[in-house]
Structures are given as structure tokens and as C-alpha cells.
Enquirer: 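One structure coming up, written as C-alpha cells, with questions to follow.
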Amino acid sequence: MSGVRSATSPDEVPTLTDDEGRALVLRGFSTAGSAKSSPDGLPTLRPRDVSRENADMGTNFVRFLISWRAVEPRPGEYDQRYLDDVAERVDWYAERGYHVMLDMHQDLYGGGIVPGEALGNGAPAWATYTDGLPVGQHDMWELYYLEPGVVRAFDNFWNATGAHPELQEHYVDAWKVVAERFTDEPAVIAYDLMNEPYGGSLQGPAFEAGPLTSLYQSITDEIRTVDDSTWLCLEPQAMGVNWATPTGLGPVDDPREGPARIAYCPHLYPLPMDVGGGYTGTTKALVDGTVRTWLGNTMRTAERLGDVPVVLGEFGLDTTKPGALEYVDAVYDMADEHGFAIAYWSRDPGTWGPYDAKGEPRNLVDALDRPYPRSVAGEIGSIEAAEDGLEFEVQPSGDRVARVYLPPDFAAGAGRPEVTVSGAKVTGWHRKERELELTVDTGATEVEVRPGS
């Protein structure tokens, strides 16, 4: 194992922390793609779904999709009923001990790109200006980004045309309204400021270092007038960076009192897999190379942005593909080693998700039900999780309490599980949450938890 995670470690990044300063290990889903096409902008989800996910996989984190179109359905008018509905769902997660990141989601800009067709999502129709340029049809949805009408809608948003400087102002103000609504909700730990940004006719580092960084700074400044504590997640341009090209995203200054709460939130979709391949043979070798390059770029970016935490906001694949679960394990192992939070894409039913259309568990459920430390008073280093043991590095502080999730296969039984612990003492077992409470030994640098006494 590679040492306690700190700003000076080249192999690890700091984790997000809660208001008590506890280091958090976050594992969960992006929830959910169904929100993109629903008239009310809400995912198909009930409280029992949250309970089941938590029980089946021990998740403690959700990247919850919200949309500009639902927040601001008409210019300068904000839908408080929608925000109340979001708050109700945040409560479902809060009651079960989750941390929530609100993700202002968009794909292909907005649903007004081609009225009447379910293409884009995110921006309201009133903020969509294609200037009459065409949008053709494609089998691969990503190719729509190259259509003149889509490019023009983004150019108008970024004010590359000089015609609509008000659009970004509306977007910034919409974020302020969201932050004002959720600033006093402890479960909301982060805001994902824009899903998979796209620069229209301006691409690459020029877009990221210019208009994108500038927008993030404007949102940050405005949010901090109403919310001084929630983490702010910065996504790079998706096209290219998702496949492991470097990002030109620039640092964002956080005006809050105290240490900055900025995180870097890239996505990971290796191109050989993104076009439908599995994880075997030559494709596996290409994917492995892509992931190594992506990891190096991610670590360097996190350092350049100010030694910030990393949230892997999306990765996923069709888990019926050959070798798919091996890939899932590899990505989670990478996150454990380097300190990344994860929101798997996605919580929707189907071959990419944990359940099928009838609600029956799929192969992903067992793959994601892994032991992990959920929180530590102090700093946490690299994690190694396996069926025969969990190890994690620590630099304890305060009350030295660590909370560890143990799957049923790791520690069976309704009572306190029989486990062997070194580097800490067992001080409690929370049966419903399957959470082992530990007090880390003074001076300990590593904790081990193994099945059996």
C-alpha cells in the first residue's frame, strides 16, 4: 500500500470531507437517466428503491440528476414545486445515511434542439437558439454534437456569437436558486456544475481554459453568496477527456472562508468500450492503456487545480459484454487505491444497471457489493478490498472513529459479525447499515478487517 493520502502524495488525492472534517469514501450511482426524458425532470424512483440499493450494495452516495429546464421553466421564474420534489427525494437518501451530489445534467444542450423529438436534455426551450440551422439524424447519439444546429445552440450559450450574453447569466442564477434551497440540507455534499460540457465551435484547451473555467468561476462566486460549505465539482470537456486526452480546465478560486471546497469530476468511457466492445483480447489491452493514460491525466489535473479531491462522476458499460465485471472491478480497485469517489452510470434498469426491467437483481449487484471504509476521523490512504479482507491506511485524528461497510458475504449473521481487526478496536455494529464502528489505535497507520475471529 502506498502511504497516507495527502496533498503531497503523487499517487493519491485527498477525499471529500463532511462538516466535521471526516474523510469520506463515497460509492454509489448516477440517478438516473430516466430524469432526462420525464416531463417533471425527476427520475423514476421510490423510497423502497433507495432502501433496496443500500441493502443490496451498501451504497452511501448518489449523483442525483437535476436540470436547468425544470429549475427555470420560464426566464427568471423558478419552479419551487420542482425544487420541493427534489428535496423530498434528497430526504429519502438522507434518511438512509447517504451523501448527495446534485448534478445539473445536460446532453446535446436541451430538448428544444429538435422540438417534439427526445434528443437533447438540460436547457429549457426558451434558452435554445439554433438560428434555423439543421440537425440531422444519427444512430450514434454522440454524432449529434457535430450537427450545425447543436453547435450553434452551444455557441449561443457560450456567447461565441455575441447574440445571447444573457444565457450564461440565467444559468448562473439558476444555480444560485438551487444552492439557496439546499444550503441547509446536510445530506447535500456537492454540486456538479455542468454535466459533460461541450464548447460548440470552440473545442479543447481553448474552450476549457477560457469560457468553461470562466463560467465555473462565475457560478462559484454566486453560489458562495448563499452557500459557504457545499463542495463544487468541476467537470472537464467530455469529448476527448472521457477517452483520456488531457484537459485544459483552469483553477477556480473558492471565496469561502477556510480551505477551498473544489473537486475535479471527470468521466471515464474508454473509446474501444464506448463504441460497444467488451473487455477481452486486444480491446482489453487498448482499454487498459486508455485507463492508465486517463489516470495519469486525472492525477496531474487534480494537482494543478489545487490538490483537489476527485469524483469519478460516471463510468459504466453493458455488463452483458465479455469481461465486463472484470473491468468494473478494475475501475473500483483504481478508485480504492487513489482516493476517488464513484457514481456508477447508472441506476436505470437494463444491461448497464444493477436491476432488470422487472426489478430483479443483475450481475452488477454482486460486483458492486464490496467492503469499504465509509468515513474516517482524520485522513485515509489507499484501500484494498477483497473477499478475504479489507485494508486501509489512516492518519487518525479527533475521536479516531472509522465506519466500515461489510457485505453479507464478508461477515454473515444477524448479530455482530465475527471479524479479526488489527490497528483498531471494534466499538459497535450497526446491523441495519451493516456498518462496523471502529476506534483506530493511537499511532496506527493501517487498519485490517478480516472475516472470522
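We count residues from 1, following the sequence as given. Values below: every heavy atom of this structure, side chains too, minus hydrogens, waters and symmetry copies.
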Enquirer: Apply the test side chain to side chain contact (heavy atoms under 4.5 Å, CB included) to residues Trp141 and Tyr145: give CA-CA distance (whole Å), side-chain angles for both, the deciding distance (0.1 Å), then the verdict.
Expert: CA-CA 8 Å; Trp141 76 271; Tyr145 275 110; 3.4 Å; yes

Enquirer: Without swapping roles, check the side chain of Asn54 against the backbone of Thr59 for a donor-acceptor pair under 3.5 Å.
Expert: yes

Enquirer: So which of Glu72, Glu169, Glu222 actually passes salt bridge (Lys or Arg N to Asp or Glu O under 4.0 Å) with Lys176?
Expert: Glu222

Enquirer: Does Trp294 use its side chain to pair, donor to acceptor, with the backbone of His267 at less than 3.5 Å?
Expert: yes

Enquirer: Assess the side chains of Asp155 and Thr161: does a donor N or O sit below 3.5 Å from an acceptor N or O?
Expert: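 Side-chain D/A pair, Asp155 to Thr161: absent.
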
Enquirer: Does a donor on one side chain and an acceptor on the other come within less than 3.5 Å for Asn60 and Tyr372?
Expert: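 Yes, because at least one side-chain N or O of Asn60 sits under 3.5 Å from a partner of the opposite role on Tyr372.
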
Enquirer: State the CG-CD distance between Leu212 and Gln217, to the nearest 0.5 angstrom.
Expert: 12.0 Å

Enquirer: Is it true that Arg374 and Glu433 make a salt bridge, defined as a side-chain N closer than 4.0 Å to a carboxylate O?
Expert: no

Enquirer: Are Val311 and Met101 packed together at the side-chain level, in the sense that at least one heavy-atom pair is separated by less than 4.5 angstrom?
Expert: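 The answer is yes; the side chains approach within 4.5 Å.
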
Enquirer: What's the verdict on side chain to side chain contact (heavy atoms under 4.5 Å, CB included) for Tyr198 and Met239, showing C-alpha distance, side-chain angles and the deciding distance?
Expert: CA-CA 7 Å; Tyr198 180 68; Met239 195 169 291; 4.0 Å; yes

Enquirer: Is it the case that the side chains of Asp227 and Thr230 hold a donor-acceptor pair, with the cut-off being a distance below 3.5 Å and no angle test?
Expert: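 The answer is yes; a qualifying pair exists.
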
Enquirer: When you compare the side chain of Ile66 with that of Phe64, does any pair of heavy atoms fall below 4.5 Å?
Expert: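 Yes, at least one pair of side-chain atoms sits under 4.5 Å.
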
Enquirer: Verify, without hydrogens or angle tests, whether Trp126 (side chain) and Pro73 (backbone) share a donor-acceptor contact under 3.5 angstrom.
Expert: yes

Enquirer: To the nearest 0.5 Å, how far apart are CG in Leu364 and CG in Asp56?
Expert: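 Output value for this atom pair is 11.0 Å.
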
Enquirer: Would you find a donor on one side and an acceptor on the other, under 3.5 Å apart, between the side chain of Ser30 and the backbone of Ala32?
Expert: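 Between the backbone of Ala32 and the side chain of Ser30 there is no qualifying donor-acceptor contact (under 3.5 Å).
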
Enquirer: Is Ser67 reaching over with its side chain to a backbone N or O of Gly122, donor-acceptor style, under 3.5 angstrom?
Expert: no

Enquirer: Between Val71 and Tyr78, is the side chain to side chain contact (heavy atoms under 4.5 Å, CB included) condition met? List the steps.
Expert: CA-CA 6 Å; Val71 174; Tyr78 305 103; 4.2 Å; yes

Enquirer: Side chains of Asn242 and Pro266: closer than 4.5 Å at any heavy-atom pair?
Expert: no

Enquirer: If only side-chain N and O atoms count, and only distance matters, is there a donor-acceptor pair under 3.5 Å linking Tyr279 with Asp288?
Expert: yes

Enquirer: Given Asp369 and Arg434, is the salt bridge (Lys or Arg N to Asp or Glu O under 4.0 Å) satisfied, shown in steps?
Expert: CA-CA 12 Å; Asp369 194 19; Arg434 297 203 58 81; over 6 Å; no

Enquirer: Less than 4.5 Å apart, side chain to side chain, heavy atoms only: is that true for Tyr216 and Met194?
Expert: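 When only atoms from C-beta onward are counted, Met194 and Tyr216 do touch, with a gap below 4.5 Å.
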
Enquirer: For the backbone of Gly210 and the side chain of Ser214, can you confirm whether one donor and one acceptor N or O come within less than 3.5 Å of each other?
Expert: no

Enquirer: As a quick check of understanding, evaluate ring-ring contact (aromatic ring centres under 6.0 Å, His included) for Tyr269 and Phe315, giving each step before the final call.
Expert: CA-CA 6 Å; Tyr269 290 107; Phe315 96 97; 8.1 Å; no

Enquirer: Give a yes or no on this: more than 12 heavy atoms of other residues, nucleotides or ligands lie within 6.0 Å of atom CD of Glu257.
Expert: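 Open.
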
Enquirer: With a 3.5 Å cut-off and no angle check, do the side chains of Glu337 and Ser382 form a donor-acceptor pair?
Expert: no

Enquirer: Verify side chain to side chain contact (heavy atoms under 4.5 Å, CB included) between Val376 and Glu393, making sure each step is shown before the conclusion.
Expert: CA-CA 10 Å; Val376 173; Glu393 293 170 335; over 6 Å; no

Enquirer: Using the rule given for salt bridge (Lys or Arg N to Asp or Glu O under 4.0 Å), can you reason through Arg370 versus Asp336, listing the C-alpha separation, both sets of side-chain angles and the distance that settles it, and then say yes or no?
Expert: CA-CA 11 Å; Arg370 299 161 55 103; Asp336 282 350; 2.9 Å; yes

Enquirer: Hey, are Asp254 and Arg261 close enough for a salt bridge, meaning a charged N less than 4.0 Å from a carboxylate O?
Expert: no

Enquirer: Salt-bridge test for Asp221 and Arg256: reply yes if a basic N is under 4.0 Å from a carboxylate O, no otherwise.
Expert: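 A salt bridge is absent here (no side-chain N lies under 4.0 Å from a carboxylate O).
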
Enquirer: Would you say that Leu232 contacts Ile219 through its side chain, given a criterion of any heavy-atom pair below 4.5 Å between the two side chains?
Expert: no

Enquirer: Does Arg81 pair with Asp40 as a salt bridge, N-O distance under 4.0 Å?
Expert: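 Salt bridge absent between Arg81 and Asp40.
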
Enquirer: Report yes if some heavy atom in the side chain of Thr220 is under 4.5 Å from a heavy atom in the side chain of Asp253; otherwise report no.
Expert: no

Enquirer: Is there side-chain contact between Leu24 and Ile380, with heavy atoms separated by less than 4.5 Å?
Expert: no

Enquirer: When rounded to the nearest 0.5 angstrom, what is the spacing between CG in Leu65 and CZ in Arg347?
Expert: 13.5 Å

Enquirer: Is the Trp92-Tyr98 ring centre distance short of 6.0 angstrom?
Expert: no

Enquirer: How long is the span from the CD atom in Glu235 to the CG atom in Leu193, to the nearest 0.5 Å?
Expert: 9.0 Å

Enquirer: Given the side-chain rings of His164 and Phe157, with only the six-membered ring counted for Trp, is the space between their centroids under 6.0 Å?
Expert: no

Enquirer: Can a donor-acceptor pair be found, under 3.5 Å and without considering hydrogens, that links the side chain of Gln237 to the backbone of Gly204?
Expert: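 Judged by distance alone, yes, a pair lies under 3.5 Å.
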
Enquirer: Check whether Thr213 reaches the backbone of Glu208 with its side chain - one donor and one acceptor, N or O, closer than 3.5 Å.
Expert: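 Looks like yes, one N/O pair under 3.5 Å.
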
Enquirer: Would you call the rings of Trp345 and His105 parallel, tilted or perpendicular if under 30° counts as parallel and over 60° as perpendicular?
Expert: parallel

Enquirer: Between Lys284 and Glu326, is the salt bridge (Lys or Arg N to Asp or Glu O under 4.0 Å) condition met? List the steps.
Expert: CA-CA 10 Å; Lys284 178 180 178 180; Glu326 183 182 353; 2.6 Å; yes

Enquirer: Looking at Glu185 and Ala94, what are the two nearest heavy atoms and their distance?
Expert: OE2-CB, 4.2 Å

Enquirer: Assess the residue pair Tyr171 and Trp68 against the criterion (ring-ring contact (aromatic ring centres under 6.0 Å, His included)); give the C-alpha distance rounded to whole Å, side-chain angles, the decisive distance to 0.1 Å, and a yes or no.
Expert: CA-CA 7 Å; Tyr171 191 82; Trp68 181 18; 5.3 Å; yes

Enquirer: If you round to the nearest 0.5 Å, how far is NZ of Lys321 from OG1 of Thr280?
Expert: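 Answer for the OG1-NZ pair, Thr280 versus Lys321, is 10.5 Å.
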
Enquirer: Verify the ring-centre separation between His99 and Phe61: is it less than 6.0 angstrom?
Expert: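 Not under 6.0 Å, so no.
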
Enquirer: Is Asp103 paired with Arg63 through a side-chain N to carboxylate O contact shorter than 4.0 Å?
Expert: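 So Arg63 pairs with Asp103 through a salt bridge.
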
Enquirer: Is any side-chain heavy atom of Pro371 closer than 4.5 Å to a side-chain heavy atom of Pro407?
Expert: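 Heavy-atom side-chain distance check passes, below 4.5 Å.
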
Enquirer: What distance separates Ile223 CD1 from Ser218 OG, expressed to the nearest 0.5 Å?
Expert: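 Reported value, rounded in 0.5 Å steps: 11.0 Å.
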
